[in-house]
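Notes to accompany the following structure.
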Amino acid sequence: MKNKIDKSARALMTCDLTNSIVSLFGETFLVAYFLQISNENIVQVSIYYIILYALLALGSFLLGSVMKSKPQKRVIIYRFGIVIKSVYILLIVLFKEKINQYFIVVAIFYGIAESLYWSAHDVMNMEIVDNDSRKSYMTTKRILSKLINIIVPIILGTSIELTSFTSISIYIFVLTLFQIMVSLCIDVNKFGIKGIKEKYNLKNFMKGLSISQKEKLKKVYKLSFLYGMMMDTIRVLVIIITIMTFKTSLNLGILTTIFSICSMISLYLFNKLYQRKYAKTLLIFCSVPVILGVIGLLLNINKITLIIYNFTYSITVYILEVMFKIKTDNIVIEYNIEKWIVEYHTFIDCFMELGRIIGFLLMLIIGLLNNIIYFKALLLIVTVSIPIYAKTMYKIEKE
């Protein structure tokens with residue numbers, strides 16, 4: 001796929017874009033819903049995400065053997081993840097306002113669904129999209145995802161306010177069925193020829209690496225950990241602050257739409273202008289504004305400082321996310337580890353989930369302490385991880 005996205009890649013991208021709508025509902029608005037019906041219980045939200053990411057790490061580890069020895073099964077695992085996600089949406093419909101009493105059950109179903117979905121997706125994505133096309137593919141997908149985030153949040157926020165959260169769940173369930181149908185267009189013969197001679201073995205993967213490869217991958221694993229701690233913890237913290245400040249799903253939807261426009265513009269410019277020689281300048285640009293933005297929130301959390309922080313976050317952090325996705329996929333060929341693609345993905349995923357779990361464990365502690373000072377301290381900690389992440393990314397980019 002040098003100059004053209006083939007049928008399998010288009011199908012995978014379509015599934016991803018549909019999944020972004022499902023995730024927007026199942027995460028952004030579900031968090032808002034949890035907060036509304038649980039009297040702003042941050043502890044419950046934290047436990048929900050800790051369960052989710054622990055299952056993601058466990059699933060990546062356990063599924064590795066099947067993913068490598070039976071590569072054609074990857075698409076089946078991927079589809080099964082979508083099926084479980086549809087069950088997760090049905091549980092939301094079933095539990096309605098009692099969902100906060102059964103949030104652990106919901107978290108387990110979502111964790112299993114995400115584990116199956118992403119374990120298969122990330123390996124398939126590495127093989128469907130080649131390195132020459134990856135920047136264009138990833139940024140195009142992210143821009144389209146942001147376009148969805150411009151339109152859908154207002155629709156969801158308005159619909160939830162006018163009807164109910166559970167009523168909208170039914171329409172989201174239909175989208176999961178659409179995902180299953182689209183996934184039938186992914187060609188199973190795309191996968192698995194290179195790694196099939198080697199058995200899935202994390203220890204052999206590490207032993208088989210040269211000293212140079214090990215040193216390079218250490219930086220990648222550090223980047224994965226920081227990515228996990230940075231991206232998701234900040235995202236949920238911002239949702240929590242926004243819903244506490246602006247109160248309604250409609251306002252959350254409007255703000256999500258506005259900042260998605262900012263993200264889409266910055267990603268478009270990144271896709272058009274970025275070259276590796278500009279990495280240092282871009283990474284500094286992605287680090288400084290968001291640090292300045294968090295200072296306002298530390299001084300005083302109000303509507304103005306929240307909007308400023310959201311703006312700085314939206315124009316910078318998603319560029320870092322795309323750079324991470326591009327780099328971690330490209331490394332498979334750059335570091336000559338094609339036959340260990342599944343093991344490599346397992347390590348990347350486990351370090352990422354570890355970062356996420358630590359981030360939400362800190363949020364759990366803040367929820368138990370129930371003090372705004374500690375809440376601000378956590379926001380500062382995860383925001384400061386951004387320049388550390390940027391510095392690590394620069395070291396990898398200049399190699």
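Remember, predicted model here, so these are calculated numbers, not experimental data.
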Side-chain heavy atoms under 4.5 angstrom apart, residues restricted to Ile, Leu, Val, Met, Phe, Trp, Tyr: same cluster for Y374 and L361? yes
Between OG on residue S224 and NZ on residue K222, distance to nearest 0.5 Å: 12.0 Å
K207: what forms a salt bridge (charged side-chain N to carboxylate O under 4.0 Å, His left out) with it, not counting sequence neighbours? none
Would you find more than 12 non-hydrogen atoms of other residues, nucleotides or ligands less than 6.0 Å from F95 atom CZ? yes
Please verify the inter-ring angle class for Y221 with Y344; under 30° counts as parallel, over 60° as perpendicular, anything in between as tilted. tilted
Go through T346 and D349 one step at a time and tell me if the side-chain hydrogen bond (donor to acceptor under 3.5 Å, both in side chains) criterion holds. CA-CA 5 Å; T346 299; D349 197 51; over 6 Å; no
Let me know which of K325, R10, K141 forms a salt bridge (Lys or Arg N to Asp or Glu O under 4.0 Å) with D16. K141
Test of understanding: clusters of I, L, V, M, F, W, Y form through side-chain heavy atoms closer than 4.5 Å, transitively. Do F178 and I84 belong to the same one? no
Enclosure of F225 CZ (heavy-atom neighbours >12, cutoff 6.0 Å): yes
Same cluster for I308 and I265 if Ile/Leu/Val/Met/Phe/Trp/Tyr side chains link at under 4.5 Å? no
Would you say V182 ends up clustered with L144 if hydrophobic residues are merged whenever their side chains have heavy atoms under 4.5 Å apart, either directly or through other cluster members? no
Run Y88 and F109 through ring pair (Phe, Tyr, Trp, His ring centres under 6.0 Å) and show every step you take. CA-CA 6 Å; Y88 154 77; F109 268 89; 8.5 Å; no
Can you confirm whether I241 sits close enough to L379 that some side-chain heavy atom of one is under 4.5 Å from a side-chain heavy atom of the other? yes
Any side-chain heavy-atom pair from F173 and T176 closer than 4.5 angstrom? yes
Working note: F205 + Y200, criterion ring pair (Phe, Tyr, Trp, His ring centres under 6.0 Å); need CA distance, chi angles, decisive distance, verdict. CA-CA 9 Å; F205 167 55; Y200 175 75; 9.7 Å; no
S60 side chain to L56 backbone, donor-acceptor under 3.5 Å: no
Go through the side-chain N and O atoms of Y78 and Y117 and say whether any donor and acceptor fall under 3.5 Å apart. yes
If only atom types and distance count, is the side chain of Q101 paired as donor or acceptor with the main-chain N or O of K98 below 3.5 Å? no
Determine, for E334 against K216, whether the closest basic-nitrogen to carboxylate-oxygen distance falls under 4.0 angstrom. no
Compile the donor-acceptor pairs under 3.5 Å between side chains in residues 351-359 and protein atoms, sequence neighbours left out, one pair per line.
residue: E353; atom: OE1; partner: R356; partner atom: NH1; Å: 3.1
residue: E353; atom: OE2; partner: R356; partner atom: NH1; Å: 3.0
residue: R356; atom: NE; partner: D232; partner atom: OD2; Å: 2.7
residue: R356; atom: NH2; partner: D232; partner atom: OD2; Å: 3.1

Considering only residues two or more places apart or on different chains, which pairs with a residue in residues 47-62 satisfy salt bridge (Lys or Arg N to Asp or Glu O under 4.0 Å)? none
Under a 3.5 Å cutoff, is there a donor and acceptor pairing between the side chains of E114 and Y53? no
Who passes ring pair (Phe, Tyr, Trp, His ring centres under 6.0 Å) against Y309, sequence neighbours left out? none
For residues L94 and I172: do they belong to one hydrophobic cluster (side chain heavy atoms under 4.5 Å, members Ile, Leu, Val, Met, Phe, Trp, Tyr)? yes
What residues form a side-chain contact (heavy atoms from CB on, under 4.5 Å) with I372, not counting sequence neighbours? I301, F375, K376
Does T312 have any side chain to side chain donor-acceptor pair (under 3.5 Å) partners at least two apart in sequence or in another chain, and if so, which? none
